[in-house]
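Before any comments, here is the structure.
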Amino acid sequence: MDKKMETDSLEMRLQALESRIYGERRNKSGKPVKCAESLARIQAGLTNTANKRERVKILHKKIEDLVKYLDPQFTDHITVPDAMKLEFILAEEDFLLSQAALLEQVNSLQPLLDSTYIRDVPEHATKLQRLSQIHIKEQDQTEAQSVEVKKLFEEYNKMMFLLSKQFTQWDETLRKMEEAKGIRPVE
C-alpha cells in the first residue's frame, strides 16, 4: 500500500513537471506529451543512428580509450617509469617515516580526543564566555581601583611632605626662641 502511494505521488509530480515544461501541448493522437516517452524516442533514434553508421560504432568502442587518455594521471603513468617512482619514494623515505610515526602517535592519542572532557567542550564554552566577561569586568574594576590607590598615595605623600616641612619650620622657630631666651635644647 505504501509503495502504491509513493508511485502515485511520483506520477503526480511527474505530471506536474510535464505540464510545466510542455504546457497544454499535445502529441499527434491528442494525448498530453509525456517526458519519459519523448526521452525514450530520442534514445531509440540515437541508438538506431549509431548502429547504422560504422564510424559511430567505432567511436563508441573507443570512448573508454579516449576517457583513459584524457585522464591527467595518464601522462604521468606514461612519462614516469616505475624505477623513477621508486626513487621518488626512497628519496622521501625519512619524511614518510616521520609522518607515519606522527600518524601512529595521533592514532594512539585518539581515545583522548574521544573522551567526555573533549565532548563536553561545547557545554563549557558558554560558561567560559560568561567567565571571560566577568574577568574583563573585574580587570576594568582593578584598573579603576589602581588609579584611585595611586591618587591616594600621591595625596598621602604630599601630606607627609607638607607635615614634615611644617615640623621642620616649627623646630627651627622653637630653636630660635630657645636660643633667644638662653634655654639650652634637650638632646
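Thr142 places a side-chain N or O within 3.5 Å of a backbone atom of Glu138 that can act as its donor or acceptor partner. Between the side chain of Ser9 and the backbone N or O of Met5 there is no donor-acceptor pair closer than 3.5 Å.
Annotation for His124: atom NE2 counts as buried by contact number, over 12 foreign heavy atoms lying within 6.0 Å. The number of heavy atoms from other shown groups lying within 6.0 Å of CE (Met177) does not exceed 12. More than 12 heavy atoms of other residues, nucleotides or ligands lie within 6.0 Å of CD in Gln169, so this atom counts as buried by the packing criterion.
Rounding to the nearest 0.5 angstrom, the gap separating the CG atom in Leu97 from the CD atom in Glu104 is 9.5 Å. Here the straight-line distance linking atom CG of Leu103 with atom OG of Ser108 works out to 11.0 Å at 0.5 Å rounding. Separating the NZ atom in Lys137 from the CD atom in Gln139 is a distance of 13.5 Å, to the nearest 0.5 Å. Note that the CG atom of Leu162 and the CG atom of Asn157 stand 11.0 Å from one another [nearest 0.5 Å].
A 4.5 Å side-chain heavy-atom check between Thr47 and Gln43 finds at least one atom pair inside the cut-off.
In the hydrophobic clustering (ILVMFWY side chains linked at under 4.5 Å, chained through shared members), Leu109 is joined by Leu112.
Closest approach of Leu96 to Ile89, counting heavy atoms only: CD1-O, 4.1 Å.
Ion pairing between Glu172 and Arg175 holds under the 4.0 Å rule for side-chain N and carboxylate O.
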List the steps and the verdict of side chain to side chain contact (heavy atoms under 4.5 Å, CB included) for Lys158 and Glu154. CA-CA 6 Å; Lys158 199 184 293 181; Glu154 287 174 357; over 6 Å; no
